[in-house]
Amino acid sequence: MNGKSFFVDLTLCTACRGCQVACKQWKKLPAEKTRNMGSHQNPQDLSSKTLRLVRFNEVEDDKNKLNWFFFPEQCRHCIEPPCKYTVNMYAPGGVVQDPETGAVIMTDKAKTKVGKVESWELCPYNVPRQDPETGIWNKCDMCIDRVQMGMLPACVQSCPTGTMNFGDREEMLDLANKRLAEVKKTKPKAYLADPEDVRVIYLCESAPDSYHENLLASADQRNTLMANGPAPTKSSRRGFLTAALGKKNKA
């Protein structure tokens with residue numbers, strides 16, 4: 001499988017939020033009014049104007065010690081993107097997939113009536129967000145304009161700790177597996193999140209809920225889709241989602 005991928009090493013993230021700011025700057029996205037919700041995280045969620053967000057989560061371990069877990073969230077750029085099938089049912093041409101990089105891109109045609117479709121209906125990671133005024137959906141596009149010019153995505157360029165990495169998919173998978181083997185020496189429960197299904201590969205050292213409820217593909221959405229049709233024979237989460245959405249698309 002060719003194209004590009006990110007490797008995001010969560011064991012190195014310090015929540016500096018450089019990636020979050022760099023995304024805003026490169027995309028020329030406006031600031032949003034927020035309020036303190038009792039967390040260092042700001043803002044509290046993704047939006048059509050905040051395409052990547054460093055999430056903060058404080059978790060108590062079995063020794064009653066509190067640990068911070070940071071999760072720089074963005075579109076996962078699924079190998080087989082459910083959002084492409086769903087959005088294009090309502091708005092043909094709304095989501096395209098770049099053949100060279102595999103980037104999943106929402107165009108200005110990705111528009112539905114406000115409130116008609118929820119984010120979780122488009123994405124098992126609940127990432128895309130709709131502009132409440134225009135109805136246009138938006139998310140990370142892999143900084144496709146930069147990548148096509150031979151540049152790194154803005155978030156990767158800004159990362160000071162080595163958390164964010166980007167390159168050819170096979171190279172990133174190799175880097176991820178080598179780093180996983182190293183981390184497992186001290187953190188045996190470490191794992192890669194959905195590496196076979198997405199182009200944003202997270203290395204995690206703790207349980208998924210330590211980071212965010214949508215770190216892995218949504219089990220609830222998967223169960224909902226299961227009611228719409230039989231799962232494919234291949235035991236792949238993305239394969240299942242694709243098959244179910246494909247059936248809906250033909251209905």
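Bear in mind that the values here come from a model prediction, so they are computed numbers and not experimental data. Basis for what follows: all heavy atoms, side chains included, without hydrogens, waters or symmetry-related copies.
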Report task. Could you walk me through whether Asp168 and Lys4 pass side chain to side chain contact (heavy atoms under 4.5 Å, CB included), step by step? Result -> CA-CA 4 Å; Asp168 292 339; Lys4 302 292 184 179; 2.7 Å; yes
Kindly indicate whether the side chain of [X], heavy atoms from C-beta on, has any atom under 4.5 Å from the side chain of [Y].
| X | Y | value |
| --- | --- | --- |
| Asn42 | Arg17 | yes |
| Cys75 | Val200 | no |
| Asn126 | Glu213 | no |
| Pro30 | Lys49 | yes |
| Pro72 | Cys155 | no |

Say whether, by atom type as modelled, one donor and one acceptor occur between the side chain of [X] and the main chain of [Y] under 3.5 angstrom.
| X | Y | result |
| --- | --- | --- |
| Thr34 | Pro43 | no |
| Lys24 | Leu51 | no |
| Asp61 | Lys63 | yes |
| Thr107 | Gly94 | yes |
| Thr163 | Leu12 | yes |
| Asn177 | Leu173 | yes |
| Gln20 | Ala15 | no |
| Arg146 | Leu152 | yes |
| Asp194 | Asp197 | no |

**Report entry** Exercise: do Trp26 and Asp145 side chains pair donor with acceptor under 3.5 Å
**Finding:**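 Result is yes, a qualifying pair exists.
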Query raised in the report: Do Thr112 and Gln130 have side-chain N/O donor and acceptor atoms under 3.5 Å apart?
Result: yes
Is there a continuous path of hydrophobic side-chain contacts, each under 4.5 Å between heavy atoms, that joins [X] to [Y]?
| X | Y | answer |
| --- | --- | --- |
| Met164 | Val183 | no |
| Tyr90 | Met106 | yes |
| Met151 | Phe166 | no |
| Val8 | Tyr191 | yes |
| Val54 | Ile201 | no |

Closest heavy-atom contact between [X] and [Y]?
| X | Y | result |
| --- | --- | --- |
| Leu10 | Cys204 | CD1-SG, 3.9 Å |
| Cys83 | Val95 | O-CG2, 3.9 Å |
| Tyr125 | Leu216 | CE2-C, 3.4 Å |
| Pro82 | Glu80 | CD-O, 3.1 Å |
| Tyr202 | Gln74 | OH-N, 3.6 Å |
| Ala190 | Leu203 | CB-CD1, 4.4 Å |

Query - side chain to side chain contact (heavy atoms under 4.5 Å, CB included) between Arg55 and Asn57, worked out - result: CA-CA 7 Å; Arg55 296 189 183 276; Asn57 200 18; over 6 Å; no
Measure the [atom1]-[atom2] distance between [X] and [Y] for me, rounded to the nearest 0.5 Å.
| X | Y | atom1 | atom2 | answer |
| --- | --- | --- | --- | --- |
| Ile144 | Glu100 | CD1 | CD | 9.0 Å |
| Cys123 | Asn214 | SG | CG | 8.0 Å |
| His77 | Asp141 | NE2 | CG | 6.5 Å |
| Trp68 | Phe70 | CH2 | CZ | 6.5 Å |
| Arg169 | Arg199 | CZ | CZ | 5.5 Å |
| Ser5 | Asn165 | OG | CG | 11.5 Å |

Query - Glu60, CD: over 12 other non-hydrogen atoms inside 6.0 angstrom - result: yes
Query raised in the report: side chain to side chain contact (heavy atoms under 4.5 Å, CB included) between Glu205 and Phe69: does it pass, once the steps are laid out?
Result: CA-CA 9 Å; Glu205 62 179 279; Phe69 291 97; 4.1 Å; yes
Report task. List the steps, then state whether side chain to side chain contact (heavy atoms under 4.5 Å, CB included) holds for Gln41 with Leu53. Result -> CA-CA 9 Å; Gln41 179 182 314; Leu53 172 68; 3.7 Å; yes
Query raised in the report: Hey, what's the ring geometry for His40 with Phe56, parallel, tilted or perpendicular (30° and 60° as the breaks)?
Result: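 Plane angle between 30° and 60°, so tilted.
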Requested in this report: Inspect the contact between Lys111 and Asp131 and indicate whether a charged nitrogen and a carboxylate oxygen are less than 4.0 angstrom apart.
Outcome: no
Query raised in the report: Just one of Lys27, Gln44, Glu32, Arg129 clears the side-chain contact (heavy atoms from CB on, under 4.5 Å) bar with Thr50, so which one?
Result: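 For Thr50, the side-chain contact (heavy atoms from CB on, under 4.5 Å) check succeeds only for Glu32.
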